[in-house]
Amino acid sequence: MMRSHRAGDLRPEHRGEQVTVCGWVDGHRDHGGVVFVDLRDIAGVVQVVLDPQHVQGADPHAVRSEFVLRVTGLVRDRPDGTINTELPSGAIEVAAEQVEVLNASDPTPIPIDERAEVDEVLRLRHRYLDLRGQRMQSNLRLRALVTRTLRKELDERGFIEIETPLLIASTPEGARDFVVPARLAPGSFYALPQSPQLFKQLLMVGGMDRYYQVARCLRDEDPRADRQFEFTQLDAEMSFADAEDVMEVIGAVVAAAIEAATGEPAPAVERITWHDAMERYGTDKPDLRFGLELVDVSEVFAATEFRAFQADAVKAIRVPDGGDFARNRLDGLIERAKSLGAEGLVWMRVQEGGVLDAPVAKFLSEAECIGLVDCTAAEPGDLLLLVSGDRSLVRRVLGTIRLDLGRPPVGEGPMRLAWVVDFPLFEAVDDDGNPVPAHHPFTTPHPDDLELLASASGPALLAVRSLAYDLVLDGWELGSGSVRIHRADLQQQIFELLGISPEQAQARFGFLLDAFRYGAPPHAGFAFGIDRLVMILCGEENIREVIAFPKTQSGADPLTGAPTPLEAVQLTELGLNVRPPTKKGG
RNA sequence: GGUCCUGUGGUGCAGUUUGGAGUGCACGCCGCCCUGUCAAGGCGGAGGUCGCGAGUUCAAAUCUCGUCAGGACCGCCA
């Protein structure tokens with residue numbers, strides 16, 4: 001047996017026991033005679049005392065940081081006055097009798113402790129050292145706890161965990177596919193899944209009733225703080241279930257994971273319509289932890305003489321006590337609005353009696369000033385920020401400025417978890433006049449809007465709602481789901497609207513449409529990003545901190561050097577000819 | 001594809017605005033001293049392609065251009 005205990009588990013209750021522990025030298029204090037070693041393992045740190053008079057084996061003075069030691073000795077109380085209250089094991093120490101150096105270590109290129117923020121590319125290049133630090137240890141442990149909880153909750157609800165293929169057929173929709181050349185079919189390629197979407201629907205047709213998977217998904221789109229090429233989703237699908245059933249289950253499961261991770265009761269799952277979210281927060285993923293809501297004041301300026309407000313929409317943010325914003329800060333807000341595409345931004349300071357102090361005040365009627373103050377419930381000392389223009393632009397600009405002004409850091413304050421429901425079925429109309437699906441083409445239209453779907457065309461279709469829903473935590477989109485179309489006639493209608501001919505539909509999704517001919521059960525599902533959830537629970541600003549071996553923003557892995565060119569032999573075997581690089585590399 | 005920010009001994013920084021000898025700080029590393037420390041302490045020492053390449057200049061870490069790497073964001077992410 002290598003060890004009798006984990007070093008970091010030792011406590012006063014082990015006093016008098018002969019123990020053997022293994023771990024890394026976290027630090028050492030050499031007094032010339034006695035040497036103190038902080039021995040670190042997965043459980044924590046314990047102080048080992050190496051007295052050259054009594055220690056067998058290794059030379060205590062030769063011990064260095066990150067050496068791997070195996071120590072046998074007696075657990076004893078520390079002398080009076082030397083107890084370390086900072087350490088869970090600080091009341092005791094191990095008086096070493098036998099010390100074995102299991103492995104030496106060069107001085108490490110990055111420090112293992114957390115005192116300084118080390119350049120991330122160095123951390124990634126030496127990730128195996130970075131993982132020894134407290135931050136990654138606790139992040140990855142929390143991640144495991146979250147995944148374990150999700151699995152447990154779904155298992156208890158009758159879900160079956162099923163794996164789906166990684167090598168699948170490419171479909172042109174959605175994100176860019178990662179592809180894998182097929183050696184046995186030169187010139188053909190597999191795609192790596194952007195999500196198990198089609199397969200989980202097939203599982204429902206296959207009578208699996210309730211499916212889930214902790215699924216790796218791959219999308220070849222530029223990485224961001226909250227996006228990697230590969231990420232992990234909790235993917236689920238339910239037969240004979242409607243949107244409420246899915247939201248019930250997923251809400252409860254996510255709440256359980258949050259509770260397990262934080263040790264506190266999970267926040268209630270709130271609900272807001274997509275339309276309300278867009279109107280009040282200017283985004284479909286509102287951060288509900290703070291106010292600064294957008295107020296629609298279009299009515300107030302319906303007949304205004306002021307040219308700038310003669311627009312599709314005028315919206316305002318009331319900044320309580322913002323009247324003392326310095327002029328250069330206000331100028332900064334104007335610049336920000338312009339950089340986001342607005343014509344400009346109008347600010348007004350609210351004074352006693354509802355008088356507005358603003359460069360544009362002279363262009364506004366008294367009724368408009370009164371209406372504005374009334375509509376925004378502004379108090380003296382407040383600041384009003386107004387943007388006008390196309391409604392979607394106004395929402396986006398003020399929604400962004402709202403975040404600039406008040407968004408709390410990740411993990412701060414009580415969490416706010418919400419379903420955003422009644423998403424539009426289509427997000428836009430393309431150049432050919434065909435609507436573009438907001439979710440995916442298998443999303444069921446809202447039953448109340450079926451007539452509109454049948455009668456409307458062009459931009460009027462954008463008003464059609466769907467049975468799609470997003471889960472949003474503190475302003476982060478965790479994931480989305482929908483009730484799927486399971487009837488061929490409705491699916492056909494949607495394909496027609498999308499401008500997909502029956503032949504094209506058959507070519508792209510034929511296997512799914514075929515499957516639906518044989519008694520597909522009504523089904524609905526959801527998928528959400530585990531990386532993002534864990535990131536928020538860890539209070540981290542990017543998902544690389546909750547992934548053991550992430551890639552950089554340019555898609556490189558500083559540890560392994562990926563991606564790399566292939567040997568000519570490999571290319572030949574795969575039937576590939578590679579064009580010489582046009583610009584960089586070589 | 002674009003915008004902005006960063007790059008200085010092993011690590012984290014200062015120095016760059018206003019060009020003047022690789023200057024400084026903390027940690028780490030090496031050696032010596034030191035028997036109760038826990039960010040141990042004392043003394044001494046080593047360690048540099050100032051990301052890379054051009055240009056301006058008598059002189060460039062510092063100014064200009066290009067380039068590489070990293071980060072945040074836009075585009076993109078059904």
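Within every chain, numbering begins at 1; the chains are lettered A, B, ... in the order of the sequence lines, protein sequences first and strands thereafter.
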Fill in: Protein-nucleotide distance (E221(A), atom CD; C77(B), atom C1'), rounded to Å
5 Å
Worksheet item: C5(B) and G24(B): how far apart are their C1' atoms, nearest whole angstrom?
Response: 25 Å
Practice prompt. Round to a whole Å and report the spacing from CD of Q197(A) to P of C77(B).
Written response: 17 Å
Practice prompt. For the pair F509(A) and F495(A), name the ring-plane relationship: parallel under 30°, tilted 30 to 60°, perpendicular over 60°.
Written response: parallel
Worksheet item: For the residue pair R132(A) and Q137(A), what are the closest heavy atoms and their distance?
Response: O-CG, 3.7 Å
Fill in: Shortest non-hydrogen contact between E221(A) and F229(A), atoms and distance
O-CE2, 3.4 Å
Worksheet item: Any ion pair linking D38(A) and R29(A) (charged N to carboxylate O, less than 4.0 Å)?
Response: yes
Discussion item. Please give the distance between the P atoms of A26(B) and G75(B) as a whole number of Å.
Written reply: 47 Å
Discussion item. Does either side chain, that of T72(A) or that of R70(A), offer a donor lying less than 3.5 Å from an acceptor on the other one?
Written reply: no
Discussion item. Can you measure E540(A) atom CD to G71(B) atom C1' for me and round it to whole angstrom units?
Written reply: 15 Å
Fill in: Distance between C1' atoms of C65(B) and A46(B) (Å, rounded)
38 Å
Worksheet item: Going by modelled atom types, is there a donor-acceptor pair between the base of C77(B) and the side chain of R227(A) at under 3.5 Å?
Response: yes
Worksheet item: Roughly how many Å is it from CG in D222(A) to C1' in C76(B), rounded to a whole number?
Response: 7 Å
Fill in: Span that lies between the P atom of G9(B) and that of G2(B), in whole angstrom
30 Å
Worksheet item: So does T552(A) get a side-chain nitrogen or oxygen closer than 4.0 Å to the phosphate oxygens (OP1/OP2) of A69(B)?
Response: no
Response to the item:
Of E541(A) and P441(A), the one whose nearest nucleotide on RNA chain B sits closer to the 5' end is E541(A)
Worksheet item: Can you tell me how far P in G41(B) sits from the matching atom in G28(B), rounded to whole Å?
Response: 8 Å
Worksheet item: For G12(B), what is the paired nucleotide under Watson-Crick or G-U wobble rules, both distances under 3.5 Å?
Response: C25(B)
Fill in: Nearest atoms (heavy-atom pairs only) where P193(A) meets P165(A)
CG-O, 3.8 Å
Worksheet, complete the sentence: The Watson-Crick or G-U wobble partner of G47(B), with both key distances under 3.5 Å, is none
Item to complete: Using distance alone, with no hydrogens and no angle criterion, decide if Q213(A) and T164(A) have a side-chain donor and acceptor under 3.5 Å apart.
Response: yes
Worksheet, complete the sentence: Per-nt protein contacts along nucleotides 35-42 of chain B (heavy atom under 4.0 Å; B base, S backbone sugar-phosphate only, - none) come out as BBBBBB--
Worksheet item: Could you walk me through whether D222(A) and Q553(A) pass the side-chain hydrogen bond (donor to acceptor under 3.5 Å, both in side chains) check?
Response: CA-CA 7 Å; D222(A) 289 10; Q553(A) 205 166 72; over 6 Å; no
Worksheet item: Hey, is the side chain of R123(A) pairing donor to acceptor with the base of G70(B) inside 3.5 Å?
Response: no
Worksheet entry | Row check, F231(A) ring normal vs R219(A) NZ/CZ: under 6.0 Å, within 45° | no
Worksheet item: How far does the P atom of C34(B) sit from the matching atom of C43(B), given to the nearest Å?
Response: 16 Å
Worksheet item: Looking only at side-chain N and O atoms, does Q194(A) come under 4.0 Å of OP1 or OP2 in C77(B)?
Response: no
Item to complete: Kindly assign one of parallel, tilted or perpendicular to the pair F526(A) and Y469(A), based on the angle between their ring planes and the thresholds 30° and 60°.
Response: parallel
Discussion item. Without decimals, in angstroms, what is the distance between L340(A) CG and C73(B) P?
Written reply: 14 Å
Fill in: E545(A) CD to G71(B) P, straight-line distance once rounded to whole Å
11 Å
Discussion item. Only pairs with both distances under 3.5 Å count, Watson-Crick or wobble alike; so what is the partner of U64(B) in this structure?
Written reply: A54(B)
Worksheet, complete the sentence: Using Watson-Crick geometry (N1-N3 plus N6-O4 or O6-N4) or G-U wobble (N1-O2, O6-N3), each under 3.5 Å, A40(B) is paired with none
Fill in: Whole-angstrom distance between C30(B) and U67(B), as gauged at atom C1'
38 Å
Discussion item. Is the ring pair Y128(A)/H126(A) parallel, tilted or perpendicular, if the boundaries are 30 and 60 degrees?
Written reply: perpendicular
Worksheet entry | Distance in angstrom units between R407(A) CZ and A72(B) P, rounded | 14 Å
Item to complete: With heavy atoms under 4.0 Å as the rule, sort T171(A) into base, sugar-phosphate or nothing.
Response: nothing
Worksheet item: With rounding to whole Å, what would you report as the distance between G55(B) and G71(B) at their P atoms?
Response: 32 Å
Practice prompt. Round to a whole Å and report the spacing from CD of Q233(A) to P of C77(B).
Written response: 16 Å
Worksheet item: Without hydrogens or angle criteria, can the side chains of N84(A) and Q47(A) be said to hold a donor-acceptor pair below 3.5 Å?
Response: no
Item to complete: Please determine if a side-chain N or O atom of R224(A) lies less than 4.0 Å away from the OP1 or OP2 oxygen of C74(B).
Response: yes
Worksheet, complete the sentence: Applying the 3.5 Å cut-off to both distances, the Watson-Crick or G-U partner of U3(B) turns out to be A72(B)
Shorter than 3.5 Å, N or O on both sides, protein versus nucleotides 8-12 of chain B: list them out with atom names.
| residue | atom | partner | partner atom | Å |
| --- | --- | --- | --- | --- |
| G10(B) | O2' | P109(A) | O | 2.9 |
| G12(B) | OP1 | D119(A) | N | 2.8 |

